[in-house]
Each structure stands twice: as structure tokens, then as C-alpha cells.
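In what follows, a structure is listed as C-alpha cells, so that the remarks can point back to it.
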Amino acid sequence: MKRIYNKVYKAAMAALMLTAATACTNEMPLPDNAQEPDTKPETGTLTTVTVSQDAGAQTRLNYQENGGKMDVTWKTGDEIYIGVPPAQGTEESRKTLEQAGFKKYTCNQANGTQATFTSTDGLTGVTSGTKLFAFHVNPKNALIYDNGKDFRACLSYLTKKPENSTSTAQKEPDSFVEQRQTNNNSTAHISDYDFMYATADYVDEGQTHFSFKQHVSLMKFTLQLPDDSKNKNVKKLELTATGGLSGYGLSLYRSVNLESGYAGGQGMKDARPILHLGEDENGFQCTDGKLIAYLVRGNAESGGIIITVTDTENQEYTVTLNGDAIYSGNFYTVTANLTKKVAN
């Protein structure tokens, strides 16, 4: 059996510089014995975010494989969400990012590893020293979860929770969309499922910096269909855990605690990450029967996975692999030959 090889996915070590804009008022003469007031603003309105990286660093969002790593650069239209953690509730609640008060910032200038994000409806009333969280996440697949006691987090879902699962893990939002790659060997879909986060204390006079961290891993699959199936259209790739260490399971979601900044996630033994192939159920055809696909996923202990590819005639092709642990921020490659699954 082939191993899953781990290569460094240099992820998102971006520094965000936030500029605070404040309003001015007409000045009034002071009495001779009056003291000059402290003119430093108590609050600010966050309108512009400047993103920069150290030379040679890789972050999102245009993806290009380069010598065993994934080079990623910003592009116009990229979006991030910035906000202040909401107050702890007294009962369980599930909110979208915007319902929880996070504001969307859009990239209007991109130059490789540097970019500028702006918002016409940015955060207001931000006081100096306030802890801010910034997320690059698909808002359809994310929510702010509060259990009403001591846990508040941004959750980013990677797959659906099986309907018959016995796990108590939180179910995905109603708006959740599964991963979809529309063409063979395309990386265009990755940014919709990438998940990065950063924290920083707000500083009134700008110079507030975010240093983003990657919170998912990326897997590249190079899978060869059997000779008699090379001309088939494929429509789905699916991962299933076969076991390993006691805690082994595939990630249902990744999470970041809004108090401590701790990053974790929820793994389930019956989770099944799915990558849909093609724009619809017609899938796409692979050149010479070779499928090249990219799947965003979370951490996992060392163990086995079953890779299943389904064609448009619902014929399945599989391979079972053993591999080392999977860690966030890394790029993994899998090369294997698929065999046709025989119906029982």
C-alpha cells in the first residue's frame, strides 16, 4: 500500500495593518485656567485593512503548485470577516458571522502576497485594546456557536454530519455547501473552503497587526482509473476512515474559540468528506483516465482511509491507504491506482 506523503503547505502568515478613521468636530476656545483635554480618540471605525507578508511566504488565494508546495497569493474580490466576539449567552445559540456582528472586508487591490481590503460598513465604536478576530472562511459553511455556558467559537464545516450519526457534534448550517471541483486538475474551488484566522488587539492609531494561521490541510489526489474505464465521466470523490489510533476520525468541522483563540475541531469516525466533480451530475472526463483532485480537510491521527470515486453510471472505484497523521497548514499528496468495486 502506498503512503500519504506530507509536504509543507506554507500557509497564510499574513500581517494585516488596520487603519482607524475617526470623526472631527469644530474646536471651541478654552478658558485660561482650563487644561488641554486628551484628544486621543476612545473609539474608531475600521474601514481599511492592508495585508502583507514576508518575502517568500505563501498564503491564499490563487493556488499554484510549485516544487512540492502550494504557492498561494491574494486576488481582487477575496473576502475576510473581522469582528469582536459577542457576549456570552445564557442558552445555546447558532448565528451566522454577520448575525454575530462580524463585518465583511473585500480585497480591492492585490499584488501577490500583499493586498488591501476595505469595507463600507466596517466595525464601529472599537476601543483601544479590544481583541479582534479575523477569519477567512466561507460564510455559508460557518457559524458562531455558543453553548450558553463557557464555549463560543467560529465553526467552519468541511462535510455534512451523517443523518444516522450517534455523535453529539454540532450539525452543519442549513446554508452548507459541499466541496465541488468543476474541472480536472483545477484549484479554483480551494479558496471557498480554506479556513484561516487571526487575532489582534485593536490600536486606535492604526498599526494593528493580524498574523493569519492556517486551520485546514490540503490534499492532492492523483488517481488512475482502470484501463476499461478511462473514458468514463467521474462525478464524486469520497473519503472514509478505516480506523487506526483510538481517536482517529475524519474532520466534521474546524473551530476557533472566541475567548482563548484556541484552535481545534471535531473529528468523527463516520464523517465522510465529499468532493463533487463537475458542474453537475454529468461530472467530467479525465485525460487518459487520470483524475487529479484537491480536497480541503482537517487534522487526523495516523490511520487508514478508503478513497472512493464514483462515475456517472454509479460505478465505484476504490483504494485503501495507510498514512501518517494529518496536520493543519500542510499540503499532502496521494498517488494511487483505483480498482473497480464489485457489487456484493
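Start at 1 with the first residue, then count along the sequence. Quick caveat, the model's predicted, so the values are computed rather than measured.
Here E178 pairs with H276 under the side-chain hydrogen bond (donor to acceptor under 3.5 Å, both in side chains) rule; sequence neighbours left out. When the side-chain hydrogen bond (donor to acceptor under 3.5 Å, both in side chains) test is applied to E163, no partner is found at least two apart in sequence or on another chain.
In terms of heavy-atom proximity, P86 sits nearest to A100 at CB-O, 4.2 Å. When every heavy atom of C107 is checked against every heavy atom of A110, the shortest pair comes out as SG-CB, 3.9 Å. Of all non-hydrogen atoms in R180 and L277, the two that sit nearest each other are NH1-O, 4.3 Å. Here the closest non-hydrogen pair linking Y294 and S186 is CD1-O, 3.5 Å.
A donor-acceptor pair under 3.5 Å is formed between the side chain of T96 and the backbone N or O of Q99. Side chain of D146 to main chain of G89: a donor-acceptor pair is present (N/O by atom type, distance under 3.5 Å, no hydrogens or angles). Counting only distance, with no hydrogens or angles, the side chain of N147 and the backbone of D150 share a donor-acceptor pair below 3.5 Å. At distances below 3.5 Å, not a single donor-acceptor pair connects side-chain atoms of K340 with backbone N or O atoms of P226. When atom types are taken as modelled, the side chain of N138 and the backbone of Y193 share no donor-acceptor pair closer than 3.5 angstrom. In terms of modelled atom types and a separation under 3.5 Å, the side chain of S175 and the main chain of K140 share a donor-acceptor contact. Remark: the backbone N or O of G329 is not paired with any side-chain donor or acceptor of H215 at under 3.5 angstrom. Without hydrogens or angle criteria, K160 side chain to F176 main chain gives no donor-acceptor distance under 3.5 Å. Side-chain atoms of R254 come within 3.5 Å of backbone atoms of G264 as a donor-acceptor pair (strictly under, hydrogens ignored). In this structure, Q266 contributes its side chain and Y157 its backbone to no donor-acceptor pair below 3.5 Å.
Rounding to the nearest 0.5 Å gives a distance of 7.0 Å between CD of Q181 and CG of L291. Rounding to the nearest 0.5 angstrom, the gap separating the CG atom in D270 from the CG atom in L252 is 9.0 Å. Within the model, atoms CG of L258 and CZ of F102 stand 5.5 Å from one another, a figure rounded to the nearest 0.5 Å. Rounded to the nearest 0.5 angstrom, M196 CE and K213 NZ are separated by 13.5 Å. Once rounded to the nearest 0.5 Å, the distance linking NZ of K103 with CG of D121 reads 3.5 Å. M219 CE to I307 CD1: the interatomic distance, rounded to the nearest 0.5 Å, is 6.5 Å.
For D174, the CG atom sits in a loose shell: 12 or fewer heavy atoms of surrounding residues, nucleotides or ligands are nearer than 6.0 Å. Remark: K149 NZ is loosely packed, at most 12 non-hydrogen atoms of other residues, nucleotides or ligands lying under 6.0 Å away. The environment of D228 atom CG is dense: over 12 non-hydrogen atoms of other residues, nucleotides or ligands sit within 6.0 angstrom. Residue K341 qualifies as open at atom NZ: its count of foreign heavy atoms under 6.0 Å is 12 or below. By the neighbour-count criterion of 12 heavy atoms within 6.0 Å, atom CD of E259 is densely surrounded, having more than that number from other residues, nucleotides or ligands.
Clustering ILVMFWY residues whenever any of their side-chain heavy atoms sit less than 4.5 angstrom apart, transitively, puts L225 in the very cluster that holds L321. Cluster annotation: V234 and I306 are assigned to distinct hydrophobic clusters (Ile/Leu/Val/Met/Phe/Trp/Tyr, side-chain heavy-atom contacts under 4.5 Å, transitive). By the rule that hydrophobic residues join a cluster once side-chain heavy atoms approach within less than 4.5 Å of another member, L250 and I274 end up as members of separate clusters.
K104 and E98 are not joined by a salt bridge, as no carboxylate oxygen comes within less than 4.0 angstrom of a charged side-chain nitrogen. Looking at K235 and E281, a side-chain N of the basic residue comes within less than 4.0 Å of a carboxylate O on the acidic one, giving a salt bridge.
Among R94, R152, Q170, the single residue meeting the side chain to side chain donor-acceptor pair (under 3.5 Å) criterion with Y145 is Q170.
A heavy-atom distance below 4.5 Å is found between the side chains of F195 and V256. With contacts defined as side-chain heavy-atom distances shorter than 4.5 Å, the pair V216/S328 does not qualify. A 4.5 Å side-chain heavy-atom check between R297 and P273 finds every atom pair outside the cut-off. A heavy-atom distance below 4.5 Å is not found between the side chains of F133 and C154. Within the 4.5 Å cutoff, the side chain of T339 has heavy atoms near those of the T318 side chain.
Side-chain contact annotation: S217 with N330, donor-acceptor N/O pair under 3.5 Å absent. Counting only N and O atoms by type, the side chains of N141 and E172 include no donor and acceptor under 3.5 Å apart. Side-chain contact check for D194 and Q214: at least one donor-acceptor pair (N or O, by modelled atom type) lies under 3.5 Å. Side-chain contact, N184 with K290: no donor N or O sits under 3.5 Å from an acceptor N or O.
Aromatic ring pairs are classed by plane angle as parallel below 30°, tilted from 30° to 60° and perpendicular above 60°; the pair F135 and Y197 is tilted.
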*Begin with the C-alpha distance, continue with both residues' side-chain angles, and end with the deciding distance and a verdict on side chain to side chain contact (heavy atoms under 4.5 Å, CB included) for V296 and Q179.*
CA-CA 8 Å; V296 176; Q179 298 183 49; 3.7 Å; yes
*Given the rule in the side chain to side chain contact (heavy atoms under 4.5 Å, CB included) test, do T182 and H189 qualify, once you have shown the distances and angles that lead to the verdict?*
CA-CA 8 Å; T182 57; H189 65 290; over 6 Å; no
